[in-house]
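The model shown is predicted, which means the values in this text are computed figures rather than measured ones.
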Amino acid sequence: EVEMPRYLSILYACVVADLNLKQGNYKNAIPYLEIAVEEERDKYQRARFSYILAQLYKESGEKEKAQEFFERVIKMHPNYEMQFNAKIESAEVSNGENSDDMLKDLQKMAKDDKNKDYLDRIHYAIANIYKQQGNEEKAIENYKLAVEKSTRNGYEKAAALCVLGDMLYDKKEYAEAQVYYEEAEMISDANYKNYEHIYQRATSLNELVGYQNEVALQDSLLRLASMSEQDRNRV
């Protein structure tokens, strides 16, 4: 049996992985990308394969493996864009370890002018860490910044709007939650994984908030009616 030369084994692994990716068989692509990562000697290509592998692990729900490979990418010091994305996605799959260090790194990135077009992603990652730490106030503040700083209407913005809506809904702040669900519904579509959840919440809260506003109006009118004429004129 003739041993396959390294360059051919890498080529074979890449071709099979690419075929599986194009067919949507993400889990089947993982072992071939692992071969490519281990065999590849070119630093840029190894970082690229590691980054794709990390994303596949993230998609498969294997957060620890995803974080391991995102961190490998960061340590390889690839081009700025890949390193930036690896840092953001590493924070998204973090299990809470080194979360304070991650926060400092992300907050530093937010102040860097090079990242001004990516502030929405940075603040979303910061918010995720605060949420994981149980700091709801800071999490909500940064999810709002993620929405505010967004330069694109897409699934990333919809994700921040949806999380904001969920957090405010759980706090029974229905009127404010409704605003975020409604905007999320407007910029997403049926292909978005949380669309049905967003649509149902937006629809039910539209009705509920309408009733709340009517009750608030009636309370205000009753309060005015119970006042003396002098106090009512002052109001």
Sorted by first residue and then second, give each salt bridge (charged side-chain N to carboxylate O under 4.0 Å, His left out) pair with at least one member in residues 12-23; sequence neighbours left out.
D18-K22
Only counting residues at least two apart or in another chain, list the ones meeting side chain to side chain contact (heavy atoms under 4.5 Å, CB included) with N79.
Y44, E81, M82
Tell me every residue that passes ring-ring contact (aromatic ring centres under 6.0 Å, His included) with Y32, counting only those two or more places apart in sequence or in another chain.
none
Apply the hydrophobic cluster definition, ILVMFWY joined by side-chain contacts under 4.5 Å directly or through others, and give me every member besides L145.
none
Partners meeting side chain to side chain contact (heavy atoms under 4.5 Å, CB included) with L19 (sequence neighbours left out)
Q23
Who clusters with Y195? Use side-chain heavy atoms, under 4.5 angstrom, across I, L, V, M, F, W and Y, and order the result by chain and number.
Y155, Y192, I198, Y199
Sequence-distant partners of F49, ring-ring contact (aromatic ring centres under 6.0 Å, His included), two or more places apart
none
Using the test side chain to side chain contact (heavy atoms under 4.5 Å, CB included), find all partners of T151 that sit at least two apart in sequence or belong to another chain.
none
Can you name the ring-ring contact (aromatic ring centres under 6.0 Å, His included) partners of Y169, sequence neighbours left out?
Y174
According to the salt bridge (charged side-chain N to carboxylate O under 4.0 Å, His left out) rule, which pairs have a member within residues 102-118, sequence neighbours left out?
K87-D105
Among residues at least two apart in sequence or on other chains, which ones pass salt bridge (charged side-chain N to carboxylate O under 4.0 Å, His left out) with E38?
R72
What residues form a ring-ring contact (aromatic ring centres under 6.0 Å, His included) with Y180, not counting sequence neighbours?
none
